[in-house]
Student: 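One structure coming up, written as structure tokens, with questions to follow.
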Amino acid sequence: MTSTSDPAAAPGPAAEPSYELPPGWPTTEAEAAAAQERLRGSVLVGGDLPAPGGGTGAVVGVDVAYDDERGVVAAAAVALDPRGLAVVGEATAVGRVTFPYVPGLLAFREIPAVLDALATLDRPGHRPDVVVCDGYGLAHPRRFGLASHLGVLTGLPTIGVAKNPFTFHHDAPGPRRGQWSPLLDGAEEVGRALRTQDGVKPVFVSVGHRVSLADACAYALHLARDYRLPETTRRADALCRRALAGA
DNA sequence: GCGACAG
DNA sequence: ATCTTGTCGC
């Protein structure tokens, strides 16, 4: 991956996001792992995200629900006003399940439906400032989890917020909201265990694309103003479940 | 070989 | 992820 902490190297005017599923989308585990190895170098760490609550665009949350019996998948994308966290846009997409759940390959199960939902949500002139994903970004065996993959495909800044530490290790963060501890793969900090509410189990934040780890945590904390999970995730989770039930 | 394993 | 009863608390 590349660092863009140097302002001179920062991306220029926001490019148009792409919501196209790339040609040759993997259908086997071997192809999927190879695709991750091929794309991992495209992840950008750092950038110039506006302060949480200070941006002009929306903060978008995405999530996916499944009915494996029927083979149906439903994705939701919800846009929030970064100030008051009010919902300003919603979109869903329903499709067929095309990939099993394999730890480390979650992106191949979730991304096709997520791209459809984002394409429906997006309105020209109203680009998301950032997309918050339910899962990991760089905290991944090959440093290319769902959030990083979605970021590289769309070009949008992304953040991963997961509910479990996957295979990584961490010490318990302090008991107060805002306290955190490094999420470690050996000696490497791949994310942070972040306490978003006093005395409540932490969430696990990692860089997706075009954000720094510190900014990713600041956003996660801002969005988790009232509950353990970011409001983006809560809204998207509720919406994709509704979409699945109605499909 | 065995256990662990985002959603 | 999804399956599920009761239970504690505002």
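The structure presented is a predicted model; accordingly, all values stated were derived computationally and were not measured. Numbered from 1 within each chain, the chains take letters A, B, ... in sequence-line order.
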Student: Would you call W25(A) and P112(A) a side-chain contact if the rule is heavy atoms closer than 4.5 Å?
Tutor: yes
Student: For nucleotides 3-8 of chain C, give me every protein contact, N/O to N/O, under 3.5 Å, one pair per line with atom names.
Tutor:
none

Student: Rounding to a whole Å, what distance do you find between R143(A):CZ and dA6(B):C1'?
Tutor: 14 Å
Student: State, to 0.1 Å, how close T232(A) and G61(A) come at their nearest heavy-atom pair, and which atoms those are.
Tutor: CB-CA, 3.6 Å
Student: Does A139(A) reach a base, just sugar-phosphate, or nothing at all? Heavy atoms under 4.0 Å.
Tutor: nothing
Student: Identify whether any heavy atom of Y66(A) sits under 4.0 Å from a base atom; if not, whether one sits that close to sugar-phosphate; answer base, sugar-phosphate or nothing.
Tutor: sugar-phosphate
Student: Taking atom C1' of dC5(B) as reference, at what distance in whole Å does atom CG of L106(A) sit?
Tutor: 12 Å
Student: Which part of the nucleic acid does D63(A) contact within heavy-atom distance under 4.0 Å: base, sugar-phosphate only, or nothing?
Tutor: sugar-phosphate
Student: Nearest whole Å is fine: how far is dG7(B) P from E110(A) CD?
Tutor: 9 Å
Student: Contact between F144(A) and E37(A) at the side-chain level, heavy atoms closer than 4.5 Å - yes or no?
Tutor: no
Student: Only Watson-Crick and G-U wobble pairs with both distances less than 3.5 Å should count. Give DNA chain C in dot-bracket notation, marking inter-strand partners with |.
Tutor: ..........
Student: What is the separation between atom CG on L105(A) and atom C1' on dA6(B), rounded to the nearest whole Å?
Tutor: 11 Å
Student: Decide whether L213(A) and V190(A) are clustered together by the hydrophobic rule: side chain heavy atoms of Ile, Leu, Val, Met, Phe, Trp, Tyr closer than 4.5 Å, transitively.
Tutor: no
Student: For a quick check of understanding: with a heavy-atom distance under 4.0 Å over all strands, which category does I111(A) fall into, base, sugar-phosphate or nothing?
Tutor: nothing
Student: Does the side chain of L150(A) come within less than 4.5 Å of V131(A)'s, by heavy atoms?
Tutor: yes
Student: Starting from L239(A), can I reach L121(A) by hopping between I/L/V/M/F/W/Y residues whose side chains sit under 4.5 Å apart?
Tutor: no
Student: Would you check, one step at a time, whether the test salt bridge (charged side-chain N to carboxylate O under 4.0 Å, His left out) holds for D63(A) with R235(A)?
Tutor: CA-CA 9 Å; D63(A) 196 16; R235(A) 296 287 188 172; over 6 Å; no
Student: For dA6(B), is there a stacking contact with F204(A), counting only centres under 5.5 Å and planes under 30°?
Tutor: no
Student: Should the pair R143(A) and Y136(A) be classed as cation-pi, given the thresholds of under 6.0 Å to the six-membered ring centre and 45° from the axis?
Tutor: no
Student: To the nearest angstrom, how far is R234(A) atom CZ from dG7(B) atom P?
Tutor: 16 Å
Student: Assess, by modelled atom type and distance only, whether the side chains of Q197(A) and R228(A) contain a donor and an acceptor separated by less than 3.5 Å.
Tutor: no
Student: Using a strict heavy-atom distance below 4.0 Å, which residues from residues 160-174 of chain A are in contact with DNA chain B?
Tutor: A162(A), K163(A), N164(A), F166(A), T167(A)
Student: To the nearest Å, how far apart are F108(A) CZ and dG7(B) P?
Tutor: 17 Å
Student: Check the phosphate of dA6(B) against R109(A), side-chain N and O only, distance under 4.0 Å to OP1 or OP2. Yes or no?
Tutor: no
Student: Are V43(A) and V152(A) close enough that some pair of their side-chain heavy atoms sits under 4.5 Å apart?
Tutor: yes
Student: Taking CD from E69(A) and C1' from dT2(C), how many angstroms apart are they, rounded to a whole number?
Tutor: 10 Å
Student: Please evaluate residues D215(A) and R192(A) with respect to the criterion salt bridge (charged side-chain N to carboxylate O under 4.0 Å, His left out), reporting the C-alpha separation (whole Å), side-chain torsions for both, the decisive distance (0.1 Å), and the verdict.
Tutor: CA-CA 12 Å; D215(A) 284 349; R192(A) 288 176 183 171; over 6 Å; no
Student: Once you round it to whole Å, what is the distance between P of dA6(B) and CG of D185(A)?
Tutor: 14 Å
Student: If Ile, Leu, Val, Met, Phe, Trp and Tyr residues are connected whenever their side-chain heavy atoms lie under 4.5 Å apart, and connections chain through other members, are L146(A) and V97(A) in the same group?
Tutor: yes
